[in-house]
Each structure stands twice: as C-alpha cells, then as structure tokens.
Amino acid sequence: NAGVMQNPRHLVRRRGQEARLRCSPMKGHSHVYWYRQLPEEGLKFMVYLQKENIIDESGMPKERFSAEFPKEGPSILRIQQVVRGDSAAYFCASSPVAGTNNEQFFGPGTRLTVL
Amino acid sequence: GQSLEQPSEVTAVEGAIVQINCTYQTSGFYGLSWYQQHDGGAPTFLSYNALDGLEETGRFSSFLSRSDSYGYLLLQELQMKDSASYFCAVSAGANNLFFGTGTRLTVIP
C-alpha cells in the first residue's frame, strides 16, 4: 500500500508565476490536509478537504491560494502570483474516514522556492 | 484560537530518558498527538491521547492531563537515531491538527 504521494518534490518559481502542488492520499483515505512549514518552524494548518468538498479552509490566506480535491485525481494546492514569502515546504497528509487515533499520514512534502 | 508551548531545544545523552513537555490553550479539545520529524523528512505519527493518563508504545510514552491542559512525550533508552524534532499537536475539532513549534532533540554519545 503506497503512502501519501506528493509531486513535485522541489519546485522553483519566479515571482508572479503560479505554483501547483499535487497530493495523492493513501489508498482508502478520503480526508486530505495541507500544511505549510517555514524553516525551523512548526506546521501550519492550511486546509482540510474531502472528495469534492472543502471542510475547513480557516488556515488558507484569503488571496492567491486555493485548494481542491476532485472526485477523480489528486488534491491540488494552487498558489497564484507567488511571492518570496511563499517559499516553504508544503506537506499534504491524509487520514481514513473514521480513524480512532486521529493519525494523519504525511507525504514527503513539496519544497517551493520563489526566486 | 489555539496556542501550544513546548521547549525549543533539548539535549540528552544516548541511553538516557528525556521528557518533552507541551502545554496548550484551545477553544475545543479532542486530543493531543505527537509527531516526529527528521531534518528534511515528513512528520510521522508517534502517539495520541484523548483521555487522561499514560500511553506506552515501546520506548516512547505519552501522557495527558486534560484538567491541566498539559501533556508530555517520554523517550526512554535514547538512541542516536532519535535526534529529530518532536511536535505536539491538538485536535480542536473535525480532524484538523494544530501543531506546536517543535522541540529539537539532540542525542549525544
């Protein structure tokens, strides 16, 4: 059973470009979460999605950031018009429908560098 | 909102025991989790406490006191490979996790 997959692992963008980060959850998991981690800091919750639904986007910046988890295909975190402050590691995690221990399974992350 | 406090750094000797504390303030509380993250790696789940008391899993144990809004992670028989960052995280509703800023553990010979 493959783990959570994220691609690309590394992404370089120039200011003003768009970044698209992809996440495929573990097989059988229908809950997806996105986190951002700045160097030497903890993970900051961004958004929680289920298939075709955004459940909680309280951690998402109001502008330029969007996320989706379509019926088919991976979850996408999209950052428009990137700025240097968007440089960070973006982790996706997934969990099953009703986990008993609240465990989330993390992908390897996408390290975004904005030049 | 949520806030969590844990020490930023801890150093311990190989073979020793170390305790990493976490205090939290949250508007809702379902449980306290602990995650380990090696440099450049992904966070991995260690433990989850929803009820007061101690949960033991091999060399690692985790404790929760809901009345004190406090928990800790206990690592026994430390090994060099335990050098990593350790994050406490609260579940305040739904399935969301809110993480502390992490404790960087360095194990020395």
Side-chain angles (χ1 to χ4, degrees), chain A residues 2-7 9-10 21 23-26 29-51 53-60 67 69 88-111, chain B residues 1-9 20 22-24 26-51 53 55-57 60 62 64 71 84-106:
Chain A
V4 177
M5 300 177 69
Q6 290 187 248
N7 67 82
R9 296 291 304 275
H10 300 274
L21 288 62
C23 169
S24 296
M26 286 182 70
H29 288 191
S30 59
H31 300 228
V32 166
Y33 316 82
W34 286 93
Y35 296 88
R36 176 164 62 178
Q37 186 175 37
L38 294 170
E40 308 299 324
E41 291 190 11
L43 296 103
K44 295 278 197 288
F45 167 76
M46 298 181 75
V47 62
Y48 162 36
L49 310 103
Q50 295 180 23
K51 283 284 187 183
N53 285 305
I54 296 175
I55 306 303
D56 183 345
E57 57 181 349
S58 59
M60 287 278 272
F69 188 16
Y90 292 84
F91 287 95
C92 165
S94 72
S95 67
V97 173
T100 57
N101 64 357
N102 220 44
E103 180 176 358
Q104 293 185 10
F105 297 80
F106 282 79
T110 294
R111 275 129 185 105
Chain B
Q2 290 80 22
S3 70
L4 297 96
E5 287 192 18
Q6 52 181 129
S8 58
E9 293 181 347
I20 300 174
C22 175
T23 57
Y24 58 87
T26 177
S27 53
F29 181 81
Y30 283 74
L32 186 71
S33 303
W34 288 92
Y35 283 76
Q36 178 192 62
Q37 186 180 30
H38 287 96
D39 284 347
T44 56
F45 174 84
L46 292 177
S47 68
Y48 174 69
N49 295 67
L51 302 175
E55 297 277 345
E56 298 181 63
T57 307
F60 294 1
S62 58
L64 175 66
S85 292
Y86 292 85
F87 296 90
C88 59
V90 294
S91 306
N95 287 6
N96 304 357
L97 286 176
F98 291 91
F99 284 82
T101 52
T103 298
R104 189 173 189 88
L105 171 64
T106 302

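Chain A is the first sequence line, chain B the second, and so forth, proteins listed ahead of strands; every chain is numbered from 1. This is a predicted model, so every value here is computed, not measured.
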S.K.: Between Pro108(A) and Ala42(B), what is the shortest heavy-atom contact and its length?
M.R.: CA-CB, 4.1 Å
S.K.: Excluding sequence neighbours, so at least two apart, what forms ring pair (Phe, Tyr, Trp, His ring centres under 6.0 Å) with Tyr86(B)?
M.R.: none
S.K.: Which bit of Gln37(A) is near chain B, if near means a heavy-atom gap under 4.5 Å: side chain, backbone, both or neither?
M.R.: side chain
S.K.: Kindly give the heavy-atom pair with the smallest separation between Phe91(A) and Gln37(B), and that separation in Å.
M.R.: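 Closest pair (atom of Phe91(A), atom of Gln37(B), distance): CZ-NE2, 3.5 Å.
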S.K.: Looking only at heavy atoms, what is the nearest atom pair of Leu43(A) and Phe99(B), with distance?
M.R.: O-CB, 3.4 Å
S.K.: Counting only heavy atoms not in Met5(A), do more than 12 sit closer than 6.0 Å to its CE atom?
M.R.: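 Open: at most 12 neighbouring heavy atoms sit under 6.0 Å from CE of Met5(A).
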S.K.: Can you name the residues that form a side chain to side chain contact (heavy atoms under 4.5 Å, CB included) with Thr23(B), not counting sequence neighbours?
M.R.: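 With neighbours one apart ignored, the set is Glu5(B), Tyr70(B).
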S.K.: Can you tell me if Arg104(B) has over 12 outside heavy atoms packed within less than 6.0 Å of its CZ?
M.R.: no
S.K.: Between atom CD of Glu103(A) and atom CG of Leu46(B), what is the distance when rounded to the nearest 0.5 Å?
M.R.: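 CG of Leu46(B) is found 9.5 Å from CD of Glu103(A).
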S.K.: Only pairs of heavy atoms separated by less than 4.5 Å count here; which of Gly40(B), Gly31(B), Ser85(B) has the most with chain A?
M.R.: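 Top count of heavy-atom pairs under 4.5 Å with chain A: Gly40(B).
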